[in-house]
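Here the structure is laid out as structure tokens; the discussion comes afterwards.
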Amino acid sequence: LDGLRRFVAACFLVMRSNLTWAELGSVVSSADAAKRRFRRWAKWGVFDRLLECSQPAAEPDVLHIDSTSIKCRRTATGARGGAPESIGRSRGGLTTKVHHAVDGLGFIRRVLTSPGQQADCRHAVALTEGLQPLAVVGDKGYDADGLREHWRARGISACVPPKRNRIVQHWYDTGLYRTRHIVENSFNRLKDFRRLSLRLDKTDTSFRAFACFAAALLNWKLLAKLCP
């Protein structure tokens, strides 16, 4: 149990302060073993299950979806063996997008990553899969006929402002849309972890594992605040 506690503490230090694994000799007995263990956990989806355990059991009433772009550093490219990187070239250079689905209380329900040049609407279905909210709130990037039909078929109301060039301007709840800052706040808290804000991991598996770990910690912190 002490070894597990030390390993989790090492993962937190790497994610929070951007320490290298080699600098954790005083925390774990073997930094290389801890690094290999983290990669195994990331590959097995352990951090995804941690995120699931940190969420409330009840279905969310409202789901806010959005993405943020993170500029990739030089060390983030060149993964061995052609492993997926989720790095794309956009106007800001090499970037990675992190997608969040956050409920009305602020709990992060879904975390996805994608190359920076991909449109947000391509990942909206995956963000809401397995959840049954009453409404989905998103910006104009999610204004697509296919998405609206998909959510309507599932009985979900779309609170998405229409694009300016639409012939038919769909109605949306402006009062509900003003609460979209909840998902923006989750990105601000996520970027407090330097490992994520700098995007130094070479593979998408490791980067997304850190993103899920950070989201789980933020959920537990919010739970402790709401239920002291």
Heavy-atom pair of closest approach, residues [X] and [Y]:
X      : Y      : value
Phe107 : Ser54  : CD2-O, 4.2 Å
Ala22  : Ala31  : CA-CB, 4.1 Å
Cys72  : Arg199 : SG-CG, 3.5 Å
Ser17  : Arg194 : O-NH1, 4.0 Å
Asp103 : Pro60  : CB-CB, 3.5 Å
Gly138 : Pro161 : O-CD, 3.2 Å

Output, in order, the C-alpha distance, side-chain angles, deciding distance and verdict of side chain to side chain contact (heavy atoms under 4.5 Å, CB included) for Val14 and Phe193. CA-CA 9 Å; Val14 170; Phe193 298 94; over 6 Å; no
Establish whether [X] and [Y] are linked, either directly or via other cluster members, by ILVMFWY side-chain heavy-atom contacts under 4.5 Å.
X      : Y      : result
Val137 : Val183 : no
Leu105 : Leu176 : no
Leu4   : Phe213 : yes
Val111 : Leu63  : no
Leu51  : Trp41  : yes

Mind telling me whether Phe38 and Trp21 have parallel, tilted or perpendicular rings, with 30° and 60° as the class edges? tilted
Taking the side chain from [X] and the backbone from [Y], do they hold a donor-acceptor pair closer than 3.5 Å?
X      : Y     : result
Arg195 : Arg16 : no
Arg73  : Lys71 : yes
Thr96  : Ser86 : yes

Worked check of side chain to side chain contact (heavy atoms under 4.5 Å, CB included) between Leu147 and Arg122: CA-CA 9 Å; Leu147 277 179; Arg122 293 181 57 178; over 6 Å; no
Could you give me the CA-CA distance, side-chain angles and deciding distance for Val62 and Leu134, then say whether side chain to side chain contact (heavy atoms under 4.5 Å, CB included) is met? CA-CA 6 Å; Val62 179; Leu134 298 177; 5.9 Å; no
Is [X] salt-bridged to [Y], cutoff N-O under 4.0 Å?
X      : Y      : answer
Lys163 : Asp143 : no
Arg152 : Glu149 : yes
Asp48  : Arg110 : no

A side-chain contact here means heavy atoms from C-beta on lying under 4.5 Å apart; do [X] and [Y] qualify?
X      : Y      : value
Lys191 : Leu196 : no
Phe207 : Leu200 : no
Arg166 : Asp145 : yes

Gap separating the [atom1] atom of [X] from the [atom2] atom of [Y], nearest 0.5 angstrom:
X      : Y      : atom1 : atom2 : result
Cys11  : Phe210 : SG    : CZ    : 6.0 Å
Ile87  : Ser114 : CD1   : OG    : 12.0 Å
Thr95  : Gln117 : OG1   : CD    : 7.5 Å
Arg109 : Thr128 : CZ    : OG1   : 13.0 Å
Cys121 : Leu127 : SG    : CG    : 11.5 Å
Ser157 : Arg148 : OG    : CZ    : 9.0 Å

The single option from Thr68, Thr113, Asp120 that satisfies side chain to side chain donor-acceptor pair (under 3.5 Å) with Lys97 is Asp120
One pair to check against ring pair (Phe, Tyr, Trp, His ring centres under 6.0 Å): Tyr177 and Tyr172. What are the steps and the verdict? CA-CA 8 Å; Tyr177 186 75; Tyr172 69 101; 5.7 Å; yes
I'd like to know whether Val160 forms a side chain to side chain contact (heavy atoms under 4.5 Å, CB included) with Trp151, so could you lay out the CA-CA distance, the side-chain angles of the two residues, the decisive distance to 0.1 Å, and finally the verdict. CA-CA 12 Å; Val160 178; Trp151 289 329; 4.3 Å; yes
Ser206 and Asp201: side chain to side chain donor-acceptor pair (under 3.5 Å), yes or no, with the steps? CA-CA 6 Å; Ser206 295; Asp201 294 287; 4.8 Å; no
For Phe47, is the NZ or CZ atom of Arg208 found under 6.0 angstrom from the centre of its six-membered ring and inside 45 degrees of the ring axis? no
Tell me, yes or no, whether the heavy-atom count around Arg39 atom CZ, taken from other residues, nucleotides or ligands under 6.0 Å, exceeds 12. no
Sole candidate of Asp66, Ile108, Val98 that passes side-chain contact (heavy atoms from CB on, under 4.5 Å) when paired with Ser186: Ile108
